[in-house]
Number of protein chains: 2
Amino acid sequence: MAVKRPFEARRPSLKDVAEALGVTAATVSNAYNRPDQLSPALRERVLVTARSLGYPGPNPMARGLRRGRAGAIGVLYADRLSYAFKDPVAVELLSGIATATEAAGLGLLLVPGSPRTERDLEAPRRAAVDGFVIYSMSPDDPLLAAALERRLPIVTVDMPGLTDAPGVAIDDTAGARTVAEHLLGLGHRRLGILSLELTPAVRSGPADANRVASASYPVTRARLRGYQAAIVGAGLDWDGIPVYECAENSIEEGCIGAEQLLNTEPRPTALLAMSDTLGIGALEAVRRAGLSVPADVSIVGFDDIPEAARTDPPLTTVHEPHLNKGLKAGELLVALLAGEAHPDFVTLPTHLAVRSSTAPPRAAPRG
Amino acid sequence: MAVKRPFEARRPSLKDVAEALGVTAATVSNAYNRPDQLSPALRERVLVTARSLGYPGPNPMARGLRRGRAGAIGVLYADRLSYAFKDPVAVELLSGIATATEAAGLGLLLVPGSPRTERDLEAPRRAAVDGFVIYSMSPDDPLLAAALERRLPIVTVDMPGLTDAPGVAIDDTAGARTVAEHLLGLGHRRLGILSLELTPAVRSGPADANRVASASYPVTRARLRGYQAAIVGAGLDWDGIPVYECAENSIEEGCIGAEQLLNTEPRPTALLAMSDTLGIGALEAVRRAGLSVPADVSIVGFDDIPEAARTDPPLTTVHEPHLNKGLKAGELLVALLAGEAHPDFVTLPTHLAVRSSTAPPRAAPRG
DNA sequence: CAAGATGGCTTAATCGATTAAGTCTTGATC
DNA sequence: GATCAAGACTTAATCGATTAAGCCATCTTG
């Protein structure tokens, strides 16, 4: 039962404080921003008067307009914001970015927008930011185009070669190749792939060679290429490998996809999950099928999210320095905003984290 | 080696586009904001010219200033931003808030600021937002005061009764009491408490009765009260219960704290962790001590983060609707901004989620 | 004591848009 | 053919600050 004030007074502005004191707006402004420009006594009076008038401090938008700085950087993400928080990888990345922006005293604006409706394109246009970190977007995403039109400094993450902007990424192809080679080296010959989204036009289900070839998300593309290189390198038929595309990077989707892959004949002895989240889902699917990991089926993930080390069994995966990636991206953008010269592109190292979800296939010859 | 343009041209503004076309700025503005105000042909010409001039679209800060709307809401959090992303509870809450703001077309600005230095107080002051969601802050936090001074609409989360602002919370005391009663009901008599931070002045270690009584974080206070009510209700001595305060809500801290609690004589048969994150750490500590859960030690958490259902063994805990809490908070703030009447305070229900980390103590009489 | 330095405040231009109200055409209507 | 309405732009005020430059009085210094 909050009481509505009958007379909703206009919020006081700098000028009101100035008039109340008989000084000019410039002086009040200086009281806030450049204390050395006025006597301590007057400054104190200004601050006291401001408080008593209920002046909420210099309006951030007016200040931003005048100074040409928003004091925040924007993060652009392919999916809905609410989803970004469900993805441990995105969360870690954001944490890294936040560390950098926080150190620079900048805010972090999460820009809403699934690339569905026209209205969403307004989001990056309206965002009061000094630059963007653009994370893992499809090159043909209209949201990306809208952000680029702002002509602000940008840093890309996991989008190598997409723009001439600086960015940070890992070598997804090499990572994927390494983990696939790990399985092949253990002797696995029947593999299944649990893939992330292939294109912004989402769908779940088995993906045929055509669809696989049409993958537009840079990360998905790169990892598929890595798997392919290892598989072809081992003399296996790439087109014979079943691929299940998950419309969403979630445990549930991973579980459903893995279930389907486990039903293909002959049953794969190892599953390549393109993310740990999908891998955790696969772990569950194997359990539900009454099989065990790694005795019956080996599972590998990708990303090395924190939970991967705590699953049962702990997940063999490709370690990626997410936090560092975010940190670097943030620092790059901060440096860009400061007008510093910048390195063009940073590629961070990955390494295979062998844990307990992989073993040689039952009664198989060692590779 | 990005090439610096030798002559960094001023960014074109509305006026530049207008002049290039021989119309007024108003017309160009209308081309963007009110297409019905001009002929489709001219609008098209405006848009084309804008593009060819490299006009990045209406400046968000200028628009925001004029319209009196920032188009974003701020989130204020007690800790460092980077930390917020490490806390699954905060992440879920943010996800909920994001859902609401996204639906309203608003951005989400994460305001940096650990309450350390004077400089940090500038963050909430500089944030270009239309309102704040304030999450679980100590009432005496200067950051909170700084945000309040902005006199913007606010919604609190997990801070019942702290301001007269609308907010959302759960009944932490009842939840804590229920989970403690669950343990007592199983027959446990020797308990240990793994507590979250008691005050903004952080420290790790055993907390004596004085320090426990001085807890200022509303959530911590409330949960302690709940434990206390159950314990006292069971006829046990509250002051005899060892409490370990974790300076940070992390698995590592939980592990360290649990280790200490397990070393007290006589060893507790059950540990009350004030969060699932601490509980997961406790699980690890028990494992390291060569004991087993729940045979030797029962562990309960609080929060019911997603991972709690997947730990080994799955954690008995108090389920809290984090996502919903965020969603409600976001919706409340959006409604407030829209000038709608609002309910004052929402208290969301919790319930006990009994899983496999609790059992009667070994060879103990049933309670 | 004149010249210069310093401190303390004001002047006035400016940042880049939005929008209610007004003007001028052109076309329809009786 | 006068009247009105609608359509297409323009005028001009305004949002709330920041900041370089200027002005005046007071203090220092040789």
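Here is how names work: the chains are called A, B, and so on, in the same order as the sequence lines, proteins then strands, and each is numbered from 1.
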**Q** Specify the separation, in whole Å, of atom CZ of B:R11 and atom C1' of C:dC15.
**A**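 So the CZ-C1' distance, B:R11 to C:dC15, works out to 13 Å.
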**Q** Compare every heavy atom of A:R150 with every heavy atom of A:P124, then report the nearest pair and how far apart it is.
**A**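 A:P124 and A:R150 have their closest heavy atoms at O-NH1, 2.6 Å.
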**Q** Side chain of A:A26, heavy atoms from C-beta onward: which of C:dT18, C:dC15, C:dT11 has the nearest atom to it?
**A**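 So the nucleotide nearest the side chain must be C:dT11.
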**Q** Is the distance from OP1 or OP2 of C:dC9 to the nearest side-chain N or O of A:T27 less than 4.0 Å?
**A**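 A:T27 to C:dC9 OP1/OP2: no side-chain N or O under 4.0 Å.
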**Q** Mark yes or no for whether B:D130, through its side chain, and B:G71, through its backbone, hold a donor-acceptor pair below 3.5 Å.
**A**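 Looks like yes, one N/O pair under 3.5 Å.
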**Q** With respect to the phosphate group of D:dA17, does any side-chain polar atom (N or O) of A:N59 fall under 4.0 Å of OP1 or OP2?
**A**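 Indeed not, no polar side-chain atom of A:N59 lies that close.
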**Q** Strictly distance-based, threshold 3.5 Å: is any side-chain N or O of B:R69 a donor or acceptor partner for the main-chain N or O of B:V129?
**A**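 No; zero donor-acceptor contacts below 3.5 Å.
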**Q** Which of these nucleotides, C:dA17, C:dG16, D:dT10, is closest to any side-chain atom of B:P58?
**A**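 Shortest atom-to-atom distance from the side chain points to C:dA17.
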**Q** Over all strands shown, is B:V23 touching base, sugar-phosphate only, or nothing at heavy-atom distances under 4.0 angstrom?
**A**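 The residue B:V23 makes sugar-phosphate contact but no base contact.
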**Q** Nearest to the side chain of A:R34 - C:dA17, C:dC15, D:dT19?
**A**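 Looking only at side-chain atoms, A:R34 lies closest to D:dT19.
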**Q** Would you mind telling me which of C:dA17, C:dT18, C:dC9 lies closest to the side-chain atoms of B:R67?
**A**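 Given the options C:dA17, C:dT18, C:dC9, the side chain of B:R67 is closest to C:dT18.
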**Q** Remember a base hit wins even if backbone is also touched, and classify A:S13 as base, sugar-phosphate or nothing at under 4.0 Å, heavy atoms.
**A**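 If one applies the 4.0 Å heavy-atom cut-off, A:S13 turns out to touch the sugar-phosphate alone, with no base involved.
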**Q** Under a plain distance cut-off of 3.5 Å, with no hydrogens placed, do A:S216 and A:S138 share a side-chain donor-acceptor pair?
**A**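 A:S138 vs A:S216: donor-acceptor pair found between side chains.
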**Q** Roughly how far, to the nearest 0.5 Å, is CG of A:L144 from OH of A:Y135?
**A**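 The CG atom of A:L144 is 15.0 Å from OH of A:Y135, to the nearest 0.5 Å.
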**Q** Could you tell me whether A:Y32 contacts a base, only the sugar-phosphate backbone, or nothing, with contacts defined as non-hydrogen atoms closer than 4.0 Å?
**A**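 Here A:Y32 touches no strand at all.
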**Q** Name the residue closer to the 5' end of DNA chain D, choosing between B:A62 and A:N30 according to the nucleotide with the nearest heavy atom.
**A**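 Nearest nucleotide further toward 5': that of B:A62.
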**Q** Among C:dG16, C:dT18, D:dT10, which nucleotide has an atom closest to any side-chain atom of B:R10?
**A**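 My answer, after comparing the listed nucleotides, is C:dG16.
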**Q** Among C:dT19, C:dT10, D:dG16, which nucleotide has an atom closest to any side-chain atom of A:R66?
**A**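 From the listed options, D:dG16 comes nearest.
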**Q** Of the residues in residues 35-50 of chain B, which ones touch DNA chain D at a heavy-atom distance under 4.0 Å?
**A**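 Per residue number, the list reads B:Q37, B:L38, B:S39, B:L42.
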**Q** Holding to salt bridge (Lys or Arg N to Asp or Glu O under 4.0 Å), I want the full list of residues that pass it with A:R51, two or more places apart in sequence or in another chain.
**A**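 In terms of salt bridge (Lys or Arg N to Asp or Glu O under 4.0 Å), with neighbours along the sequence ignored, A:R51 is linked to B:E149.
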**Q** Can a donor-acceptor pair be found, under 3.5 Å and without considering hydrogens, that links the side chain of B:T49 to the backbone of B:R45?
**A**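 Yes; at least one donor-acceptor contact below 3.5 Å.
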